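Side chains included, hydrogens not; waters and symmetry mates left out as well; all remaining heavy atoms used. The structure displayed is predicted, hence computed values, not measured ones.
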Amino acid sequence: MDCLFCKILAGEIPSQKVYEDDNVYAFRDINPQAPVHVLIIPKKHIANVLECDLQTWTQLLQAVQTIAAQEGVAEDGFRIISNCGDNGCQSVHHLHIHLLGGAKLRETMA
C-alpha cells in the first residue's frame, strides 16, 4: 500500500509524535495552518469517515480530548476537521482528524 500515513506509522517516514495509544497515533502537521495543528489517525488503515466504525471514531474523539488538553487548547477552544473524498479536499486517503488551535481561527470554513 502506498499510503503516506501508513508509512509514518511503520516508521518509514519521520513524524513529530504528539500522542500514541494502542489504536491511535497523532503527530504535528508539516504544513501547520494554526499554532497548534495536529493530525490524529487510526493505526489501522481506513480510507475516510464513511468507512469508519463507531468504535474507531470514538477512539479518535477520545484522543482529541486528550490532545486538546495536552496542547493547551481545550480551555480557549479549537477546531476539528476531517476532510472526506476529493471534493472535500482529502489529500491523504487515510482517515485523519485535523486539530487546530492556539489562536483565534477564521470564522469562515470554506
[X] and [Y]: which non-hydrogen atoms are nearest, and at how many Å?
{"X": "Lys43", "Y": "Asp21", "result": "NZ-O, 2.7 Å"}
{"X": "Ala34", "Y": "Gly101", "result": "CB-O, 3.6 Å"}
{"X": "Ala63", "Y": "Ile40", "result": "CB-CG2, 4.1 Å"}
{"X": "Ser82", "Y": "Ile97", "result": "CB-CG1, 4.4 Å"}
{"X": "Ile67", "Y": "Ala26", "result": "CD1-CB, 3.4 Å"}

So, using ring-ring contact (aromatic ring centres under 6.0 Å, His included) as the criterion, who are the partners of Phe27 when residues are at least two apart? Phe5, Tyr25
Out of curiosity, does Leu100 fall in the hydrophobic cluster containing Val92 (side-chain heavy atoms, cut-off under 4.5 Å, transitive links)? no
Should Val38 and Ile81 be counted in the same cluster of Ile, Leu, Val, Met, Phe, Trp and Tyr side chains packed under 4.5 Å apart? no
Kindly indicate whether the side chain of [X], heavy atoms from C-beta on, has any atom under 4.5 Å from the side chain of [Y].
{"X": "Val64", "Y": "Tyr19", "value": "no"}
{"X": "Asn23", "Y": "Gln62", "value": "no"}
{"X": "Val73", "Y": "Leu99", "value": "yes"}
{"X": "Leu95", "Y": "Glu51", "value": "no"}
{"X": "Ile41", "Y": "Leu9", "value": "yes"}
{"X": "Cys84", "Y": "Leu50", "value": "yes"}
{"X": "Glu71", "Y": "Arg28", "value": "yes"}
{"X": "Gln59", "Y": "Pro42", "value": "no"}

Find the distance between [atom1] ([X]) and [atom2] ([Y]) and round it off to the nearest 0.5 Å.
{"X": "Ile8", "Y": "Leu39", "atom1": "CD1", "atom2": "CG", "answer": "8.0 Å"}
{"X": "His96", "Y": "Asn48", "atom1": "NE2", "atom2": "CG", "answer": "10.5 Å"}
{"X": "Leu60", "Y": "Gln55", "atom1": "CG", "atom2": "CD", "answer": "11.0 Å"}
{"X": "Cys89", "Y": "Asn83", "atom1": "SG", "atom2": "CG", "answer": "6.5 Å"}

Okay, side chain of Gln70, backbone of Val18: is any donor-acceptor separation there less than 3.5 Å? yes
Report yes or no: does Gln90 contribute a side-chain atom to a donor-acceptor pair with the main-chain N or O of Ala47 at less than 3.5 Å? yes
Aromatic plane relationship, His37 with His98 - under 30° parallel, 30 to 60° tilted, over 60° perpendicular: tilted
Taking it one step at a time, do Lys44 and Asp53 satisfy side-chain contact (heavy atoms from CB on, under 4.5 Å)? CA-CA 12 Å; Lys44 62 183 173 183; Asp53 60 271; 3.3 Å; yes
The criterion is side chain to side chain contact (heavy atoms under 4.5 Å, CB included); which residues satisfy it with Asn87, sequence neighbours excluded? none
Does atom CD of Glu12 have more than 12 heavy-atom neighbours, drawn from other residues, nucleotides or ligands, at distances under 6.0 Å? yes
